[in-house]
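Quick note: numbers below take in every heavy atom, side chains included, and nothing from hydrogens, waters or symmetry partners.
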Amino acid sequence: MRPLSWADLAARFHPAAAHVDARERLRAFAGAGLGILVTALVARWWALRTGTTAPWLVAPLGASAVLVFAVPASPLAQPWAVVGGNTVSALVGSACALLIPDPAWAGAVAVLAAIAVMFALRCLHPPGGASALLAALGGVGFGFALFPMLVDSLVLVLAGMLYNGLTGRRYPHAPQAPATTPPGGRFTGADLDAALAHYNQVLDVSRDDLQEILQVAESAAYARNFGDLRCADVMSREPVTVQFGTLLEDAWALMRERRVKALPVTDRSQRVVGILTRADFLRHAGADRREGLTERLRHLLRRDGLTHSDKPETVGQIMTRNVRVASSHRRLSELVPVFSEDGHHHLPVIDADRRLVGIITQSDLVRALYRATRPGA
């Protein structure tokens, strides 16, 4: 067994970041560093200008920077979440410090109350818990929520808007119009809402983004399971064939023995010259007239033994000459309209030399579709 690498461990313990390439990682940590630097410089200038003695930069802003620059699409990183979450949590923490003398109790109540308030105001932001705890343990006044928390959060958000915009990331990540279900899609928006209600947990991704991700994954799975399939992957190999001069009774007996409904007609070089189906037999037996059909079919299959006769006795006399064929390397998905709209039930498959190598039936196509779309595929 191959030993685990650091990449394997990272993928197992933090799968959300496993797919991110080096360029995106560089963009994220460079942005976070620049964002904190800009916030610190602006906050220090503000402190010197106003003569305040409060700290001009606090630790929770580091966690906020991770969200704003590393996961700008997250609902937890949006401007109202950052500004509102940090500010109202600081207010809650200051209130707890004022009302609860014991720092342990004050810190615990501040965090749980901050979470409740952020849920209520729709500004859930994980660093807000740190802001509430810092205010509660430090015993700071309500002014702490205005400076540094409000000022720092506003500057960080503005820096995030500028940097993410310049590096090709939409921030704020405003909700888009509800995505429409693509033709043939296996789930709808209502299905997704039902799944989210069943999951009943906060996700660090918006519903619209999640739906788009699932639809892209569904398309990729379809392409992998069906879209890239070739005729050679699903065709029945070494099909039973007949030749132009094969007697009708022999061809009929072969179809019944092998339980097939069509026989490709080939020449001595295995090139397709026609196809014989049960419909060909029934057409020449007068299938449009129900009465006596069985007897007429028997008469068609019975040899007259005459030197000259108007009754067909060989395959070449009743076969369908205009045969639609498919190359072995053709995509299977291209044949769906051939079967579903053009009325074909059997399609001979040929190689590069136009020699018969297989046959595709409706059953082969349905089986491939089922394997591509079944749950867990």
Side-chain angles (χ1 to χ4, degrees), residues 24-97 110-111 114-115 117-175 204-206:
E24 175 61 17
R25 297 181 188 189
L26 175 62
R27 189 204 67 81
F29 61 68
L34 288 173
I36 289 297
L37 177 62
V38 170
T39 303
L41 292 176
V42 172
R44 186 171 63 181
W45 170 82
W46 180 270
L48 293 175
R49 180 181 178 86
T50 59
T52 180
T53 58
W56 38 269
L57 192 65
V58 288
L61 266 295
S64 296
V66 173
L67 291 171
V68 171
F69 295 95
V71 284
S74 169
L76 307 178
Q78 300 314 297
W80 170 237
V82 177
V83 177
N86 280 332
T87 304
V88 299
S89 296
L91 289 172
V92 169
S94 297
C96 290
V111 172
I115 294 175
V117 172
M118 286 189 288
F119 264 121
L121 297 179
R122 297 181 179 273
C123 58
L124 187 64
H125 186 61
S131 300
L133 186 61
L134 179 63
L137 296 180
V140 296
F142 291 106
F144 175 79
L146 299 178
F147 184 84
M149 291 312 307
L150 177 60
V151 173
D152 286 358
S153 298
L154 285 172
V155 175
L156 185 69
V157 164
L158 292 174
M161 291 179 178
L162 179 61
Y163 181 82
N164 285 314
L166 292 175
T167 56
R169 294 295 178 268
R170 186 160 46 95
Y171 184 81
H173 195 77
D204 196 11
V205 60
S206 71

>> List the residues meeting ring-ring contact (aromatic ring centres under 6.0 Å, His included) with Phe144, not counting sequence neighbours, and say none if there are none.
In response: none
> Between CZ of Arg169 and CZ of Phe69, what distance do you get to the nearest 0.5 Å?
Replying inline: 13.5 Å
> With sequence neighbours left out, which residue pairs that include part of residues 117-140 fulfil the ring pair (Phe, Tyr, Trp, His ring centres under 6.0 Å) condition?
Replying inline: none
> Which pair of heavy atoms, one from Val157 and one from Tyr171, lies closest together, and at what distance?
Replying inline: O-CE2, 4.0 Å
> So which heavy atom on Leu134 is nearest to which on Pro60, and how close?
Replying inline: CD2-CD, 4.1 Å
>> For a quick test of reading the model, state the closest non-hydrogen atom pair linking Leu57 to Ile36 and the distance between them.
In response: CD2-CG2, 4.3 Å
>> I need the Trp56 CH2 to Leu48 CG distance, nearest 0.5 Å.
In response: 9.0 Å
> Can you name the residues that form a side-chain hydrogen bond (donor to acceptor under 3.5 Å, both in side chains) with Arg27, not counting sequence neighbours?
Replying inline: Glu24, Asn164, Thr167
> For Ser94, which residues count as a side-chain hydrogen bond (donor to acceptor under 3.5 Å, both in side chains) partner, sequence neighbours excluded?
Replying inline: none
> Nearest heavy-atom pair of Ser89 and Ala114: which atoms, and what distance?
Replying inline: OG-CB, 3.6 Å
> Between Ser131 and Met149, what is the shortest heavy-atom contact and its length?
Replying inline: OG-CE, 3.2 Å
> To the nearest 0.5 Å, what is the distance between CG (Leu146) and CG (Leu91)?
Replying inline: 7.0 Å
>> If the condition is side chain to side chain contact (heavy atoms under 4.5 Å, CB included), which residues does Leu158 pass it with, not counting sequence neighbours?
In response: Met161
> Under the side chain to side chain contact (heavy atoms under 4.5 Å, CB included) test, which residues partner Thr50, sequence neighbours left out?
Replying inline: Trp46, Thr52
> Which pair of heavy atoms, one from Leu67 and one from Pro127, lies closest together, and at what distance?
Replying inline: CD1-CD, 3.8 Å
>> Quick one: does any side-chain atom of Gln78 pair with a main-chain N or O of Pro72 as donor and acceptor, under 3.5 Å?
In response: yes
> Does some side-chain heavy atom of Val83 sit less than 4.5 Å from a side-chain heavy atom of Leu150?
Replying inline: yes
